[in-house]
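These notes are about the structure you will find just below.
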Amino acid sequence: MSRIFEITDKVLSYHPKADIDLINRAYVFSAQAHADQKRNSGEPYFTHPMEVASILASLRLDEASIVTGLLHDTVEDTDITLEDIRERFGDEVAQLVDGVTKIGKIKFQSSEHKQAENFRKLIMATAKDLRVLLVKLADRLHNMRTLCFLKEYKRKAISEETVQLYAPLAHRLGIHWIRQEMEDLAFSHIEPEASSELTHRMAEHLDELKDTCMRLELVLQEVLNRQGVKARVQGRMKHLYSLHEKMQRKHVAFDEVYDLVAFRLIVEDMPACYQTLGIIHSLYRPVPGRFKDYIALPKPNGYQSLHTSVYGPENHLIEVQVRTESMHHYAEDGIAAHWMYKGEEAASGDQQKFRWLKQLTELLQEADNPVEYLENARLDLFVQEVYVFSRDGDIFSLPRGAVPLDFAYAVHTDVGHHCMGVRINGEPADFQTELRNGDQIEVLTSPEQTPSRQWLQYARTPRARQAIRQWFSRQEREASQRMGGEILLEALGKDVNLGKASLKKLGCKTMDVLKERLGQGVMPIERLLEVTEGSKLGFKGLSQNLMWAADCCLPLPGDPVLGRFQPGKGMILHHRDCSEVTKTRKDAWLEANWRGEGGQFYPTAIQVKAQNERGMLARVSGTFAECHANIDDIKLRQFEGSMTLMSLLVEVSNRKHLATVLRAVKALDGVVSVSRLTQGGLSKRVRVRKGIGEAIKGMVTRGWTRQPSHSKA
């Protein structure tokens, strides 16, 4: 276990004016709070906050972060309260401890729901102060180092969460050593056999790899010295998890992986980086397509280096990274290397590095539920990036496989909503084109353009998909409110605003909520009339038969239907393909889900074309009877060539029943064709005489329930 004087000495080495007394007081306070607690390993619990503080000191963080590391579990696991922390160590430390502390004393629907809410809390706190996430990463890293003392199922669950959430977060912060150690530790628990096998294979080649690494270090160092370039050469072997991922991604065996070693060349300044790259390429043959300039175009998390791969001595494939000392420091410790605390604003460059955090926070605020947010966060974090440019040269990081719509929504939600086309590298492209590194994207917009539901099939990023879904939710909500307003006008005789008492009785906080529920059918009209009948409001005595099926298309339960409110008549439902729908503006319609009720029958129109044979009408009508479908009316029309066209008004229970009837009639000898009529199939005389508008009832439109004209046993 680390000792407190080791931690404070480390802090003083990079922050001579640090408040060491504050750290010592936190040490004593935490030791007393955790005095009687043990870890699963049997060690005193206090070893954990000490190691967390030591990791934070290794990241060269300020004293408030070190103190938070020592105190981070006191509120969650002891009787200490947040007020106790605030009283003894101040608001700054209290806020950091609160950000790291998991949500307690709340019963959740499931473990996933609990995980999602805790992650939501962490991201919200991180958006206010990045040190919260740095403490959490240090906490998770030490827990991973001691995971072997837990049961297997817990080890696997924690390891999967680490790989899916915390290692990618460390990567986004640029703290690569934490990410790599987390991934290797998690790998050993998620796939212990594969990890053990890979460790064994690496051990078999360890001496050879070390020898190769040392020889190449000497060669590279000598070449650079001869050219007058001051440089430090560091050789390293790939860590296990990245090696395993590469083998899985490229479907190769261990013996087929040739770039097991990589080298970092750390030079004095930026010009020396490019000079060094030229020397390496003149010495060894570069691998085509493997050069990346992250100095001119840094990664969104701020990482800078030149990357190349070359065929070295004995045709060894080696990776080479060239960077300055400051770039190297940032590459190792990421944003922790120079994050500015205590309310100081980050430089504009740092603002760009945290675009991903802003996007995560926006996803959190826009998600319908925490579990959905957690899944979106996993997708947003756990992917390889592709780097593309706007027309103005701004760089955007998107998941590999992203398409132009994802880019449009990454620029701004309104840009996405009004995107009517794109150009990639100056050439027109469609919405399904996958973006590649270095692409320049120009988004063409139009105020008249709005999202299409088909866009959900194109978009890949959670941000874009969620924005599209929310647009449709907002449109449906506004349509429901318009419809609800018309229902209120029809029911109460004038545009009214109910008082707080009436709204409370109806379970609605505002008039907009009431209108939305009325429009959706969640609020029964009878309940509205019951609450308002004794008031001074005007009341028309509206018929309770408020919803009707249109007699022009005769929809059935299960059909795709749209509703439109008509003053004096109520809600009229039409088949989505009805001509009335296509010739009326789309914002006048409300989507409906008509389920019907068991045992109920509904009228529809069928057309049968058959040979004009003796007994044909009897066979057709008999088949309807056998299928339990009643014929309400029939119209016959004879054609030359001994053909008869029968237009029938029949009653069926739903679309499935109708399909059964159609198959049975079609199977009759002499029947040429049979089809359903949804528009203009019956004469006006038949419609009027049978009163189809009165007959079609029993609808459920998002909660609206009506009784049909009659039922049959």
Side chain to side chain, [X] and [Y], heavy atoms closer than 4.5 Å:
{"X": "Val403", "Y": "Thr433", "result": "no"}
{"X": "Pro404", "Y": "Leu435", "result": "yes"}
{"X": "Val415", "Y": "Thr445", "result": "yes"}
{"X": "Leu306", "Y": "Tyr294", "result": "no"}
{"X": "Cys419", "Y": "Phe431", "result": "yes"}
{"X": "Glu197", "Y": "Thr199", "result": "no"}
{"X": "Ile280", "Y": "Leu265", "result": "yes"}
{"X": "Val388", "Y": "Asn437", "result": "no"}

How many angstroms lie between [atom1] in [X] and [atom2] in [Y], if you round to the nearest 0.5 Å?
{"X": "Gln304", "Y": "Asp293", "atom1": "CD", "atom2": "CG", "value": "9.0 Å"}
{"X": "Asp559", "Y": "Arg676", "atom1": "CG", "atom2": "CZ", "value": "4.0 Å"}
{"X": "Leu169", "Y": "Met182", "atom1": "CG", "atom2": "CE", "value": "8.5 Å"}
{"X": "Asn425", "Y": "Glu427", "atom1": "CG", "atom2": "CD", "value": "8.5 Å"}
{"X": "Asp512", "Y": "Arg477", "atom1": "CG", "atom2": "CZ", "value": "10.0 Å"}
{"X": "Gln440", "Y": "Asp394", "atom1": "CD", "atom2": "CG", "value": "10.5 Å"}

Decide yes or no on side chain to side chain contact (heavy atoms under 4.5 Å, CB included) for His244 and Phe187, but give the supporting numbers first.
CA-CA 9 Å; His244 171 72; Phe187 178 40; 3.5 Å; yes

Will you find, in the side chains of [X] and [Y], an N or O donor that is under 3.5 Å from an N or O acceptor?
{"X": "Tyr387", "Y": "Asp439", "answer": "no"}
{"X": "Ser452", "Y": "Gln454", "answer": "no"}
{"X": "Ser242", "Y": "His239", "answer": "yes"}

Is there a donor-acceptor pair closer than 3.5 Å between any side-chain N or O of [X] and the backbone N or O of [Y]?
{"X": "Asp184", "Y": "Leu240", "answer": "yes"}
{"X": "Ser188", "Y": "Pro192", "answer": "no"}
{"X": "His418", "Y": "Gln449", "answer": "yes"}
{"X": "Asn654", "Y": "Pro557", "answer": "no"}
{"X": "Thr126", "Y": "Leu122", "answer": "yes"}

Can you spot which of Arg463, His417, Arg465 makes a side chain to side chain donor-acceptor pair (under 3.5 Å) with Tyr409?
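When Arg463, His417, Arg465 are each tested with Tyr409, the side chain to side chain donor-acceptor pair (under 3.5 Å) holds only for His417.
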
Just one of His281, Arg290, Gln321 clears the side chain to side chain donor-acceptor pair (under 3.5 Å) bar with Thr308, so which one?
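That would be His281; it is the only one of His281, Arg290, Gln321 passing the side chain to side chain donor-acceptor pair (under 3.5 Å) with Thr308.
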
Name the orientation class of the two ring planes belonging to Phe407 and Phe396 (parallel below 30°, tilted from 30 to 60°, perpendicular beyond 60°).
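Phe407 vs Phe396 ring planes: perpendicular.
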
Give a yes or no on this: more than 12 heavy atoms of other residues, nucleotides or ligands lie within 6.0 Å of atom [atom1] of [X].
{"X": "Arg201", "atom1": "CZ", "answer": "yes"}
{"X": "Arg391", "atom1": "CZ", "answer": "no"}
{"X": "Met270", "atom1": "CE", "answer": "no"}

Could you walk me through whether Asp430 and Tyr458 pass the side-chain hydrogen bond (donor to acceptor under 3.5 Å, both in side chains) test, one step at a time?
CA-CA 10 Å; Asp430 63 43; Tyr458 302 150; over 6 Å; no

For His307 and Phe291, I'd like to know if the aromatic rings sit close, meaning centre-to-centre distance below 6.0 Å.
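Between Phe291 and His307, which both carry aromatic rings, the centre distance is not below 6.0 Å.
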
Minimum heavy-atom separation for [X] to [Y], with atom names?
{"X": "Cys273", "Y": "Thr324", "result": "SG-CG2, 3.8 Å"}
{"X": "Leu405", "Y": "Ala464", "result": "O-CB, 4.5 Å"}
{"X": "Ala331", "Y": "His176", "result": "O-CD2, 2.8 Å"}
{"X": "Leu137", "Y": "Ala170", "result": "CD1-CA, 4.0 Å"}
{"X": "Arg236", "Y": "Cys213", "result": "N-SG, 3.8 Å"}
{"X": "Ala550", "Y": "Pro555", "result": "O-CD, 3.6 Å"}

Run the side chain to side chain contact (heavy atoms under 4.5 Å, CB included) test on Arg323 and Tyr330 for me, step by step, so that the C-alpha distance in whole Å, both residues' side-chain angles and the decisive distance to 0.1 Å come before the verdict.
CA-CA 10 Å; Arg323 59 180 67 146; Tyr330 186 89; over 6 Å; no

Flag the pair Glu183 and Arg179 as a salt bridge only when some basic side-chain nitrogen lies within less than 4.0 angstrom of an acidic carboxylate oxygen.
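Result for this pair is yes, salt bridge flagged.
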
Stepwise side chain to side chain contact (heavy atoms under 4.5 Å, CB included) check, Glu181 with Leu141
CA-CA 8 Å; Glu181 187 176 347; Leu141 178 60; 3.7 Å; yes

Would Arg285 and Val310 satisfy side chain to side chain contact (heavy atoms under 4.5 Å, CB included), going step by step from the backbone distance to the final call?
CA-CA 5 Å; Arg285 181 164 52 94; Val310 297; over 6 Å; no

Test: Arg453 cationic atom under 6.0 Å from Phe472 six-membered ring centre, within 45° of axis
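Yes.
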
